[in-house]
Q: 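Please see the structure below; I have some questions.
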Protein chains: 2
Amino acid sequence: MLPFSFHNPTRIIFGEGKASEAGSVTATYSKNVLLVYGGNSIKRTGLYDSIKSQLNQAGVRVVELGGIEPNPRLTSVNAGIKLVRDHQLDFILAVGGGSVIDAAKAIAAGVPYEGDVWDFFTNKASIQAAIPLGTVLTLSATGTEMNGSMVISDWENKLKRGSGSPHVYPRFSILDPTLTYTVPANQTVYGSIDIMSHVFEQYFSLTDNTPLQERFCESILQTVIENVEPALENPEHAAARANLMWCSTMALNGGQISLGMQNDWASHGIEHEISAIYDIPHGAGLAIVFPNWMKYVYSERPERFAQYAVRVWGISPEGKTTDELALAGIEATQAYFKRIGSETTLAEFNIDDSQLERMAEEAVRYGPIGSFKQLHKDDVLAILKMCL
Amino acid sequence: MLPFSFHNPTRIIFGEGKASEAGSVTATYSKNVLLVYGGNSIKRTGLYDSIKSQLNQAGVRVVELGGIEPNPRLTSVNAGIKLVRDHQLDFILAVGGGSVIDAAKAIAAGVPYEGDVWDFFTNKASIQAAIPLGTVLTLSATGTEMNGSMVISDWENKLKRGSGSPHVYPRFSILDPTLTYTVPANQTVYGSIDIMSHVFEQYFSLTDNTPLQERFCESILQTVIENVEPALENPEHAAARANLMWCSTMALNGGQISLGMQNDWASHGIEHEISAIYDIPHGAGLAIVFPNWMKYVYSERPERFAQYAVRVWGISPEGKTTDELALAGIEATQAYFKRIGSETTLAEFNIDDSQLERMAEEAVRYGPIGSFKQLHKDDVLAILKMCL
């Protein structure tokens, strides 16, 4: 176990119907709020009207920024920063999934910064302050509701970059699983793959002596796996939706499940390059990249992959070598992603090999990526080719 | 899963040697500090000198309150409150195990309260404010380093009571596993049983649909079980000490592993009555009470106990009924407590049946205890008799 510091100040308000507290909770923080949301789904479901009416009743002045894209864009972030400044707002309420919340975080960090907010995503500056934000989560996926990370795309330049800071942890996040009842099947699948992928990035680690952390990781993986199909069969399956939502938050809440472990994050880096160019769903990109990354790197520590096969997938170790077990676990992962309905090859998105070089180059622009196995450009290219 | 709120603002600083940061970290909070500690062990190990010198170098004015007892006493708490007020201090640094930290929390809550601090422990008042505190943990056991709970004894009246508040979460806790290298074998054993017992209170629950929470609980139990004996064999076993320390914190950090689950806490209530009268180690009391509580209540939900037997103890379910499995898990628990060197009967402490009635009566003074099975006076008495 490595030394670590941990501090996660986000207040979680979890439960069926808790979205009805959004207005009153927000009002305890501010009366001048930027309301950030995405497409039409929250209008269709009535959530938008409910939140607006709650804020109104709580005496909160609201300025709106709707239309945040999946893979949220820098242009939206800049628009939000301008709104906050122009209207002298001092709090952001993000209502939506990971994209909306990430955009809200970037706005929060951009407001007190005099330079270009994109500096935070190109290592030109680090976040020194942010205005506070709260969230109402509508999709179980990224974990952004309880961490200090965000990913933004500069669409004009086909760049997708992450940043983070303790300053952008949400002050509160309302987790109401009933809000995910209307999430379409494919988004449920992609979100769940995102959750699992966050755990993979932490679990496949070379750090020794982390038995509790490994078990926490396995706990989330097992719980996601057993809840996705019930949620697909019955989108209003209260138990499955609640479990997936809590898994999403615990999988990436400031790295709590893997404190003291070196994380990898190469697969996310590779996926970001794919979706920066092709705008495919993040979860689908991860379903494509991860099993191939696993095959490429597992021999660095086959025992961890064998443990994964046994503990997460219940594969019997009897009569199998460590390598066979490891590979069986990887196959089970890919087969599961297929079974729940995800794409697992680039070809399914009609993506050919024409941009692979560029992606590989961009992925390692700041040097090799990953820690389980350090990946250079050639390694990334090899993995991308396996994804075709 | 039940609705829940969660907010844990304690900053954790974990790692070998991190105790050397106590002075500088404390100085970022205050320059006028009450230093609270226990017996002579921190003087013997050099930790006391190190902390004093660090605080001195960081320009912190220190007033001391040493000699906090195991099962910390109200008299010490009142002495601490007086010191803080007399010397106009505004921060408490607790260096020690659960007793020291609990005493520090009670002092922190007592300082701004005009009435008797004991009111917080008798439901006469609730904590509305507290001065801030930080901790340097020297024993893996109670979890108090990352929660808002405390237990204090009124020794004159043979009363042991708990209280809690969001106001007494430590601002920071330094978790340096090397500080536990000198913990004697029996304290290592009792502390580990305390950790396991905290998990039991949360895990044996009637709440449905909590698969992630159950697995988190099982993760801690398994990790404690596999690390106690290595730490006993080699007290400076870095990995085992680190794992036990992190388990202790995660087992009871505001209930995070069991959010949305109804907790029980009857066994702790029963144990408190035993140690209030006989001053036996809390962990030993739990080792005595818990297996008997389990036997008394398991039939309320034998499936949970069967799951415990299989997942935590690796007992094969083949050819066993649910009840047989449940009982096998309970037997394994008691046998384990014996094997690692704990007492498992009251007789081993020369405690006879003369005070059982009084204990049972005190345990239910505010009404029946427990939620897995509601225990009335006769139930508590029956369990206590099983403990003889």
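Each chain gets a letter, A, B and so on, in the order its sequence line appears, and its residues count up from 1.
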Q: Does any donor atom in the side chain of A/Thr249 or A/Glu145 lie under 3.5 Å from an acceptor atom in the other side chain?
A: yes
Q: Looking only at heavy atoms, what is the nearest atom pair of A/Leu133 and A/Ala104, with distance?
A: CD1-CB, 4.0 Å
Q: Looking only at heavy atoms, which two atoms of B/Ile92 and B/Ala108 are closest? And how far apart?
A: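 Looks like CD1-N, 3.6 Å.
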Q: With only heavy atoms counted, which part of A/Asn8 is less than 4.5 Å from chain B, the side chain, the backbone, both or neither?
A: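 It is the backbone, since no side chain atom gets that close.
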Q: Please report the C-alpha distance between A/Glu21 and A/Gln54 in whole Å, then the side-chain angles of each, then the deciding distance to 0.1 Å, and finally whether the side chain to side chain donor-acceptor pair (under 3.5 Å) criterion is met.
A: CA-CA 8 Å; A/Glu21 298 177 13; A/Gln54 288 180 50; over 6 Å; no
Q: Hey, mind stepping through B/Glu214 and B/Arg304 against salt bridge (charged side-chain N to carboxylate O under 4.0 Å, His left out) and telling me if it holds?
A: CA-CA 9 Å; B/Glu214 292 159 40; B/Arg304 177 61 47 84; 3.0 Å; yes
Q: Looking at B/Gly17, B/Ala238, B/Ala239, B/Gly15, which one has more heavy-atom pairs under 4.5 Å with chain A than the rest?
A: B/Ala239
Q: Taking only Lys NZ, Arg NE, NH1 and NH2, and the carboxylate oxygens of Asp or Glu, determine whether B/Arg339 and B/Glu229 approach each other closer than 4.0 Å.
A: yes
Q: Write down the atom of B/Asn147, the atom of B/Pro170, and the distance for their closest heavy-atom approach.
A: O-CD, 3.5 Å
Q: Counting heavy-atom pairs under 4.5 Å to chain B, which of A/Ile13, A/Thr10, A/Asn243 comes out on top?
A: A/Asn243
Q: Give, as side chain, backbone, both or neither, the part of A/Leu259 having an atom under 4.5 angstrom from any heavy atom of chain B.
A: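 Just its side chain gets close to chain B.
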Q: Using a heavy-atom cutoff of under 4.5 Å, enumerate the residues of residues 215-226 of chain B that contact chain A, numbered in order, or state 'none'.
A: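 So far as heavy atoms go, B/Arg215, B/Phe216, B/Ser219, B/Ile220, B/Gln222, B/Thr223, B/Glu226 are the residues that approach chain A to under 4.5 Å.
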Q: Can you confirm whether the side chains of A/Tyr181 and A/Thr45 place a donor and an acceptor under 3.5 Å from each other?
A: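 A/Tyr181 vs A/Thr45: no donor-acceptor pair found between side chains.
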Q: Look at the aromatic rings of A/Trp246 and B/Phe4 and report parallel, tilted or perpendicular, splitting at 30° and 60°.
A: perpendicular
Q: Under 3.5 Å, is there a donor on one side chain and an acceptor on the other for B/Ser173 and B/Thr135?
A: yes
Q: Does the plane of the ring in B/Trp313 sit parallel, tilted or perpendicular to the ring in B/Tyr308? Use 30° and 60° as the thresholds.
A: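 Answer is perpendicular, since the angle exceeds 60°.
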Q: Report, by ascending residue number, the residues of residues 192-211 of chain B in heavy-atom contact with chain A at a distance under 4.5 Å; give 'none' if the set is empty.
A: B/Asn209, B/Pro211
